[in-house]
Structures are given as structure tokens and as C-alpha cells.
Amino acid sequence: NVVNRHKAYCEELMLKKLHRAQSSALDFFLGEKYNRERKSRKQAYRTLRAETGLPKQILKRAIQTAYAALYDVKISEAKI
């Protein structure tokens, strides 16, 4: 069915975007490429938005998750 294949394609595309955002966020906080950048969520968003062109909410959620995992911060829905 065409509709089901399109839904599966859209889901796969969204998962690829999410994976790219998560790996970019982790790379920002851990990678040597960004050593000169401030390690803040705001700077991570600015830098990664310019580099990847991914949607704002996907990037913000990935950055918050990476930041919380690395710096042992509780995630609240209000911050995402």
C-alpha cells in the first residue's frame, strides 16, 4: 500500500534526523572540533543549527538530553 510505505518513509526520515541531532549534540560537548566553543546549551544550539540545518525542536531536545546525560542534570519537560 502506498500510504503505508509513505508513513514508513516519513518515520524513517524522522529517526534519521533525530539520530543526526543526537550524535551532533554529543559531538559538540565531547568532540575536539568544538574545543574553542563555550559548552552551553545555547551555544550548542547556535552552532549545530548553523551546521546541520535541522529543525529547532529536534535540536533542542537532543542538546538537552546530551547535556543532562553528561552533566547529571534532571530533564524536565519545561526545559525541552
Side-chain angles (χ1 to χ4, degrees):
N1 190 341
V2 174
V3 174
N4 290 335
R5 282 188 295 165
H6 181 68
K7 278 185 182 179
Y9 170 75
C10 289
E11 288 175 13
E12 182 182 341
L13 195 61
M14 187 59 145
L15 284 174
K16 284 182 180 181
K17 284 182 184 179
L18 181 62
H19 181 264
R20 183 166 180 220
Q22 289 174 340
S23 63
S24 296
L26 282 173
D27 190 40
F28 179 84
F29 289 111
L30 298 174
E32 290 182 23
K33 179 180 177 183
Y34 304 102
N35 276 346
R36 294 181 181 253
E37 302 279 350
R38 285 190 355 239
K39 299 298 180 189
S40 69
R41 289 173 283 196
K42 190 173 189 177
Q43 187 60 40
Y45 171 72
R46 287 178 183 160
T47 303
L48 296 178
R49 175 77 174 169
E51 284 185 8
T52 63
L54 290 171
K56 177 181 180 177
Q57 291 305 317
I58 292 174
L59 272 176
K60 287 185 87 169
R61 181 166 284 138
I63 290 167
Q64 179 63 25
T65 303
Y67 188 85
L70 293 172
Y71 299 110
D72 197 30
V73 176
K74 287 187 178 182
I75 299 175
S76 69
E77 287 298 317
K79 290 220 173 190
I80 296 178

Could you report the tightest heavy-atom contact between [X] and [Y], atom names first, then the distance?
X	Y	value
L48	Y34	CD2-OH, 4.1 Å
K17	I58	O-CG2, 4.1 Å
F29	A66	CD1-CB, 4.3 Å
E37	T47	OE1-OG1, 3.6 Å
R20	E51	NH2-O, 4.4 Å
T52	S24	CG2-OG, 3.8 Å

Can you list, by chain and residue number, the hydrophobic cluster partners of L15 when the side-chain cut-off is 4.5 Å? none
Between L18 and Q22, is there a side-chain heavy-atom distance shorter than 4.5 Å?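 Side-chain contact under 4.5 Å: yes.
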Do L13 and L54 belong together in a cluster built from hydrophobic side chains that touch within less than 4.5 Å?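 No; tracing contacts between hydrophobic side chains, which count when under 4.5 Å, never links both residues.
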Enter the distance from [X]:[atom1] to [Y]:[atom2] here, rounded to the nearest 0.5 Å.
X	Y	atom1	atom2	result
Y67	S40	OH	OG	8.0 Å
R41	L59	CZ	CG	14.5 Å
M14	H19	CE	NE2	15.0 Å
K42	I63	NZ	CD1	12.5 Å
R38	R46	CZ	CZ	6.5 Å

Whether over 12 other heavy atoms sit under 6.0 Å from Y9 OH: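 Result for OH/Y9: open.
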A quick test of your reading: do over 12 heavy atoms of other residues, nucleotides or ligands sit less than 6.0 Å from NZ of K39?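 Atom NZ in K39 is crowded, with more than 12 foreign heavy atoms closer than 6.0 Å.
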Does a salt bridge link K16 with E12, judged by any charged N lying under 4.0 Å from a carboxylate O?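 Looking at E12 together with K16, the answer is yes, because their closest N to O distance falls below 4.0 Å.
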